[in-house]
Amino acid sequence: MPLDADIARIIPLMPLQDVPNMTPVNARESMRALAAARNDIPLPDPGSVNDTTLPGPAGDIPVRVYRTRRAPAPTVVYYHGGGWVAGDLDTHDRAARTLAIELDCTVVSVHYRRPPEAPFPAAFDDALAAARQVAARQSEFGGAGQPLVVAGDSAGGNLAAAVALAARDGSLKLAAQLLIYPVTDVVGHYRNPHANHRFPSRQQNASGYFLSMAVMQWFADHYLPEPGQAHDPRVSPLQAASLAGLPPTVLCTAQYDPLRDEGQAYAQALRAAGVRVIEHHGAGLIHGYFGMGAASAAAAEESRRVRADLRMLIESPGASS
């Protein structure tokens with residue numbers, strides 16, 4: 001399918017495109033400016049929104065809790081995107097609000113430590129600690145015994161997938177995972193020709209569609225100071241020895257995204273391991289389309305379909321068992 005015309009019009013306005021001059025500070029500022037540019041569009045109102053903290057391995061982890069009037073309710077632990085470096089609770093506030101409303105659930109959005117100040121595995125450690133804390137105190141969130149879900153977009157999808165692996169190997173029961181155009185294999189830091197050859201979308205969509213290969217290289221370099229770390233399943237879930245036993249999964253990719261093929265490869269690997277997977281391919285769309293619904297009807301509709309499938313999984317019999 002051709003690139004959605006509404007998306008094509010906004011690509012020149014997107015951040016993270018001047019890689020030679022990009023720094024962590026201005027990358028963060030540009031992401032926040034993009035979120036602020038939509039301030040004239042009323043925020044979705046789930047009912048209540050509160051900032052608090054959860055204890056983590058290096059101090060308090062800031063979280064934002066979104067609750068609807070439903071009680072008890074499922075709880076979704078959400079990890080924002082931004083290449084591990086640039087996103088925060090505010091850049092993904094609208095996305096978390098919408099998730100809470102459309103799933104009629106409690107969402108706990110997690111602001112993990114970011115590189116370069118805190119490189120790998122800091123973000124993963126915070127992501128896992130937050131999920132464990134929410135599980136242990138679920139009566140304070142959605143409700144004891146209710147389904148618990150991990151979700152995230154891009155680098156946040158990477159963290160959600162890694163947390164799900166750790167949960168399987170620990171004592172944390174998850175009802176589902178939502179992986180939105182996730183990073184699943186960082187081996188080679190997006191520079192290695194052999195690694196890139198495995199995923200043709202890296203060449204096909206290397207530039208011109210907001211997220212570029214140059215930006216992914218920049219993100220990977222900041223998150224993983226040592227190249228060998230990229231083989232660790234905590235940062236490359238596709239490198240895990242086994243994906244068996246993971247929770248039912250909704251996984252979406254975007255047609256014009258360099259990460260498309262590694263996301264689809266993860267979906268295929270999950271199915272091969274016996275995991276139930278509902279996959280969305282984001283025809284005509286680009287990385288980040290979950291945040292583009294106000295500009296693109298196609299992005300808004302695809303996002304709704306993805307969230308509806310997650311709700312179906314969460315509310316299916318046995319989801320909280």
Side-chain angles (χ1 to χ4, degrees), residues 54 56 61 63-64 66 74-84 87-89 91-92 95-96 99-100 103 105-114 120-135 141 147-170 172-186 219 223 232-240 243 245-253 259 262-263 265-267 269-270 275-280 287-288 290 303 306-307 309-311 313-314 319:
L54 295 171
I61 302 169
V63 299
R64 185 167 293 167
Y66 304 81
T75 300
V76 176
V77 181
Y78 184 81
Y79 307 108
H80 62 74
W84 303 284
D88 60 29
L89 297 179
T91 61
H92 287 67
L99 192 63
L103 270 62
C105 70
T106 297
V107 172
V108 182
S109 184
V110 179
H111 185 46
Y112 46 85
R113 285 173 290 158
R114 300 176 297 180
F120 175 80
F124 167 80
D125 288 345
D126 284 0
L128 180 58
R132 286 175 170 163
Q133 282 292 320
V134 171
F141 297 100
L148 179 64
V149 176
V150 291
D153 67 285
S154 193
N158 168 271
L159 292 171
V163 167
L165 282 166
R168 178 201 63 184
D169 298 337
L172 185 58
K173 170 66 176 176
L174 297 177
Q177 61 176 342
L178 169 62
L179 309 180
I180 303 168
Y181 27 80
V183 178
T184 67
D185 196 341
V186 191
F219 284 148
Y223 189 40
D232 192 317
R234 294 175 296 171
V235 72
S236 293
L238 198 53
Q239 297 291 320
L243 301 180
L246 286 169
T249 301
V250 177
L251 190 152
C252 62
T253 55
L259 303 186
E262 65 188 83
Y266 197 62
L270 287 167
V275 177
R276 181 182 181 187
V277 179
I278 301 173
E279 194 171 357
H280 292 260
H287 192 89
F290 264 64
S303 302
V306 172
R307 289 186 290 262
D309 278 341
L310 180 62
R311 182 168 184 171
L313 278 185
I314 294 172

Handout entry: Verdict with supporting geometry, Y223 and V186, side-chain contact (heavy atoms from CB on, under 4.5 Å)
Key = CA-CA 10 Å; Y223 189 40; V186 191; over 6 Å; no

Practice task
Could you walk me through whether L313 and R276 pass the side-chain contact (heavy atoms from CB on, under 4.5 Å) test, one step at a time?
Solution key: CA-CA 10 Å; L313 278 185; R276 181 182 181 187; 3.5 Å; yes

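Partners of T249 by side chain to side chain donor-acceptor pair (under 3.5 Å), not counting sequence neighbours, listed by chain and number: Q177. Here D309 pairs with V250, I278, H280, M312 under the side-chain contact (heavy atoms from CB on, under 4.5 Å) rule; sequence neighbours left out. For P182, the side-chain contact (heavy atoms from CB on, under 4.5 Å) partners are L179, T184, L251, not counting sequence neighbours. Here R234 pairs with D232 under the side chain to side chain donor-acceptor pair (under 3.5 Å) rule; sequence neighbours left out. For F124, the ring-ring contact (aromatic ring centres under 6.0 Å, His included) test picks out no residue, with sequence neighbours left out. In terms of the side chain to side chain donor-acceptor pair (under 3.5 Å) criterion, residue partners of Y66 (sequence neighbours excluded) are, by chain and number, D93. Under the rule for a ring-ring contact (aromatic ring centres under 6.0 Å, His included), the partners of H92 that lie at least two apart in sequence or sit in another chain are H80. Every residue meeting the side-chain contact (heavy atoms from CB on, under 4.5 Å) condition with A131, not counting sequence neighbours, appears here in chain and number order: Y79, V163, L172. A search for side chain to side chain donor-acceptor pair (under 3.5 Å) contacts involving S303 returns nothing, not counting sequence neighbours. Evaluation of the side-chain contact (heavy atoms from CB on, under 4.5 Å) rule for R113 yields P57, A58, A118, A122, D125, D126 as partners, not counting sequence neighbours.
In terms of heavy atoms, Y78 sits closest to A95 at OH-CB, 4.4 Å. Contact between A161 and P237 at its shortest, heavy atoms only, is CB-CG, 3.8 Å. Residues C252 and V306 come closest through the heavy atom pair CB-CG2, 4.0 Å. In terms of heavy-atom proximity, G56 sits nearest to A129 at CA-CB, 4.3 Å. Taking every heavy atom of both residues into account, V107 and A96 meet most closely at CG2-O, 4.0 Å. For V275 against P247, the heavy-atom pair with the smallest separation is CG1-O, 3.3 Å.
Between atom OG of residue S236 and atom CG of residue D185 there is a gap of 4.5 Å, rounded to the nearest 0.5 Å. Separation of atoms OG1 (T253) and CD (E279) is listed at 6.0 Å; rounding is to 0.5 Å. Distance CG/L174 to CG/L165: 10.5 Å, rounded to 0.5 Å. Atoms CG and CD1, from L103 and I314 in turn, are 4.5 Å apart once rounded to the nearest 0.5 Å. One distance of note links OH of Y181 with CG of N158; it measures 14.5 Å at 0.5 Å rounding. In this structure, L259 CG and Y266 OH are separated by 14.5 Å, a value rounded to the nearest 0.5 Å.
Between W84 and V183, the closest side-chain pair of non-hydrogen atoms falls below 4.5 Å.
Tested against F290 for a side chain to side chain contact (heavy atoms under 4.5 Å, CB included), the candidates D153, I180, L99 yield a single pass: I180.
Remark: the backbone N or O of G87 is paired with a side-chain donor or acceptor of R114 at under 3.5 angstrom.
Annotation: R307, atom CZ; neighbour count of heavy atoms from other residues, nucleotides and ligands within 6.0 Å is above 12.
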